[in-house]
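All remarks here apply to the structure that follows.
Position 1 is the first residue of the sequence, and the numbers go up from there. Side-chain atoms are counted along with the backbone in the values below, which use heavy atoms only and exclude waters and symmetry mates. Owing to the predicted nature of the structure, the values given are computational and were not obtained by experimental measurement.
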Amino acid sequence: MITSTSNPQVKRLLQLQKKSKVRNEEQVFIVEGLRMFQEVPKEQMEKVYVSESLYNKKKEELNLEKFPIEILSDKVFQHVSDTKTPQGILCIVKQKKYEIEELFFDKNPHFIVLDNLQDPGNLGTIVRTAEGAGVSAVFMSSDCVDIYNPKTIRSTMGSIYRMPFVYVDDMFALLDKFREKKVTTYAAHLRGKQAYDKEDYRSGTAILIGNEGNGLRDEIAEKADVWIQIPMQGKVESLNAAIAASVMMFEVYRQRR
């Protein structure tokens with residue numbers, strides 16, 4: 001059992017929690033909590049860390065002998081946890097890599113494209129909602145927030161394991177590929193002339209969502225096929241990025257259902 005916060009494994013866990021550079025160099029990320037542990041695909045599990053108290057209570061119930069595990073004293077576990085009320089279990093999980101070409105597996109794909117999204121909670125919510133709305137894949141510009149940020153991971157509620165995603169260095173090349181593959185691109189834009197629910201999304205569709213404060217970059221929006229907006233009442237000028245994305249993703253799903 002590890003009882004010191006100076007232990008090299010503890011220091012590594014803290015680095016993985018806090019630094020995207022370290023996560024990407026090691027090609028792993030951290031998940032916390034019982035549900036996130038139970039849903040980790042076996043081939044992606046690297047190691048499990050359990051608090052002493054949880055281990056004593058639930059070691060047989062959790063089938064921990066199936067994985068490489070390390071027991072941490074409750075004090076040390078609290079030290080490495082990224083949550084205020086730790087559940088007593090965290091895992092190091094191998095990252096899963098997708099290539100852009102392999103994400104065009106659907107005849108009529110339903111994509112969500114995120115441009116410079118910065119809030120980890122928004123990204124996690126979008127990934128979770130995307131799974132629920134039957135989205136084929138999530139594309140993100142290279143300057144989006146790190147999808148392996150602990151807050152993002154928690155917000156996905158397990159969808160991180162199942163929702164295909166990729167960071168894109170060249171957004172213009174991606175938009176050209178959509179056109180080549182006959183995928184219509186819809187920019188969510190405050191100056192959109194068309195209400196989002198007046199379009200037909202039953203063929204290949206990509207919804208473009210921009211930065212929380214500034215929306216889509218002009219050069220990206222200008223390459224979209226159609227500008228759409230969500231009609232609103234009152235004095236509200238715009239919706240939270242995750243809410244707007246969710247409304248549009250589920251309209252696509254509604255039409256296809």
Side-chain angles (χ1 to χ4, degrees), residues 1-98 117-132 138 140 144-165 167 242:
M1 183 169 66
I2 296 175
T3 59
S4 171
T5 56
S6 300
N7 184 283
Q9 291 191 63
V10 172
K11 291 181 177 179
R12 180 193 180 209
L13 288 172
L14 288 172
Q15 291 278 301
L16 291 173
Q17 291 276 34
K18 295 175 180 177
K19 296 186 177 181
S20 61
K21 181 181 179 183
V22 177
R23 292 192 289 267
N24 290 331
E25 284 174 353
E26 297 196 25
Q27 297 288 287
V28 296
F29 62 103
I30 287 184
V31 302
E32 281 198 61
L34 287 167
R35 177 175 175 176
M36 294 297 286
F37 157 71
Q38 290 164 342
E39 293 188 8
V40 177
K42 289 184 176 64
E43 68 276 10
Q44 285 183 254
M45 182 73 85
E46 182 177 294
K47 194 163 188 177
V48 182
Y49 290 84
V50 190
S51 70
E52 182 182 10
S53 58
L54 184 71
Y55 182 78
N56 290 335
K57 287 178 188 173
K58 295 193 174 184
K59 61 182 176 183
E60 293 178 1
E61 180 183 332
L62 296 174
N63 294 317
L64 292 169
E65 68 277 358
K66 294 194 300 185
F67 308 106
I69 75 160
E70 196 76 57
I71 302 169
L72 307 178
S73 70
D74 289 357
K75 182 180 176 181
V76 172
F77 195 95
Q78 180 80 46
H79 181 69
V80 299
S81 174
D82 190 61
T83 63
K84 290 182 179 178
T85 53
Q87 293 182 31
I89 189 165
L90 62 79
C91 318
I92 298 179
V93 180
K94 297 171 187 173
Q95 295 182 10
K96 188 171 182 179
K97 295 296 181 185
Y98 300 89
L117 208 73
Q118 293 302 301
D119 183 85
N122 276 342
L123 177 55
T125 299
I126 288 172
V127 170
R128 180 184 180 189
T129 307
E131 182 183 11
V138 177
M140 296 168 284
C144 278
V145 64
D146 179 22
I147 198 167
Y148 295 118
N149 178 297
K151 185 176 180 182
T152 304
I153 295 297
R154 285 196 298 276
S155 298
T156 70
M157 294 292 287
S159 294
I160 186 70
Y161 306 133
R162 300 178 292 272
M163 191 69 234
F165 63 87
Y167 281 92

With sequence neighbours excluded, tell me which residues meet ring-ring contact (aromatic ring centres under 6.0 Å, His included) with Y98.
F165

Show your working on ring pair (Phe, Tyr, Trp, His ring centres under 6.0 Å) between F67 and F37 and close with a plain yes or no.
CA-CA 11 Å; F67 308 106; F37 157 71; 5.7 Å; yes

Measure from the side-chain N and O atoms of Q44 to the backbone N and O of V93, and report whether any donor-acceptor pair falls under 3.5 Å.
no

My understanding is that only residues two or more places apart in sequence, or in another chain, count here; which of them pass ring-ring contact (aromatic ring centres under 6.0 Å, His included) with Y161?
none

Heavy-atom closest pair, residues A242 and N122:
CB-OD1, 3.5 Å

How close do M157 and E39 get, counting heavy atoms only, and between which atoms?
O-OE1, 4.0 Å

Would Q27 and K97 satisfy side chain to side chain contact (heavy atoms under 4.5 Å, CB included), going step by step from the backbone distance to the final call?
CA-CA 9 Å; Q27 297 288 287; K97 295 296 181 185; 3.0 Å; yes

Nearest atoms (heavy-atom pairs only) where P86 meets F77
CB-CE2, 3.7 Å

Going by salt bridge (Lys or Arg N to Asp or Glu O under 4.0 Å), name the residues that satisfy it together with R12, two or more places apart in sequence or in a different chain.
E26, E46

Which residue pairs pass the side-chain hydrogen bond (donor to acceptor under 3.5 Å, both in side chains) test with at least one member in residues 64-74, sequence neighbours excluded?
Q9-E70, K47-E70, S53-D74

Give the minimum heavy-atom separation between S4 and V10, together with the two atoms involved.
O-CG2, 3.7 Å

Pairs touching residues 16-25 that satisfy salt bridge (Lys or Arg N to Asp or Glu O under 4.0 Å), sequence neighbours left out
R23-D146

Could you go through the side chain to side chain contact (heavy atoms under 4.5 Å, CB included) check for E52 and L72 one step at a time?
CA-CA 6 Å; E52 182 182 10; L72 307 178; over 6 Å; no

Closest approach of S155 and G121, non-hydrogen atoms and distance?
OG-CA, 3.7 Å

Would a 4.5 Å heavy-atom cut-off, applied to side chains only, mark Y49 and I69 as touching?
no

Please report the closest heavy-atom contact between V28 and Q95, naming both atoms and the distance.
O-NE2, 3.1 Å

Would you sort out whether V76 and N7 count as a side chain to side chain contact (heavy atoms under 4.5 Å, CB included), showing the intermediate values?
CA-CA 10 Å; V76 172; N7 184 283; over 6 Å; no

Determine whether I147 and Y167 make a side-chain contact, defined as any pair of heavy atoms from C-beta on separated by less than 4.5 Å.
yes

Report the residues that fulfil side-chain contact (heavy atoms from CB on, under 4.5 Å) with Q17, sequence neighbours left out, ordered by chain and then residue number.
I30, E32, D82, L90, P150

Are Q15 and K11 close enough that some pair of their side-chain heavy atoms sits under 4.5 Å apart?
no

Donor-acceptor under 3.5 Å (S81 side chain, Q78 main chain)
no

Show the numbers, then the answer: is there a side chain to side chain contact (heavy atoms under 4.5 Å, CB included) between L117 and I126?
CA-CA 11 Å; L117 208 73; I126 288 172; 3.7 Å; yes

With a 4.5 Å limit on heavy-atom distance, are the side chains of M140 and L123 in contact?
yes

A side-chain contact here means heavy atoms from C-beta on lying under 4.5 Å apart; do L34 and L62 qualify?
yes

Would you say the side chain of L64 lies within less than 4.5 Å of the side chain of I89, judging by non-hydrogen atoms?
yes

Are I71 and I2 packed together at the side-chain level, in the sense that at least one heavy-atom pair is separated by less than 4.5 angstrom?
no

Please confirm whether the backbone N or O of Y148 pairs with a side-chain atom of T152, one donor and one acceptor, at under 3.5 Å?
no

Any side-chain heavy atom of S159 within less than 4.5 Å of one from R162?
yes

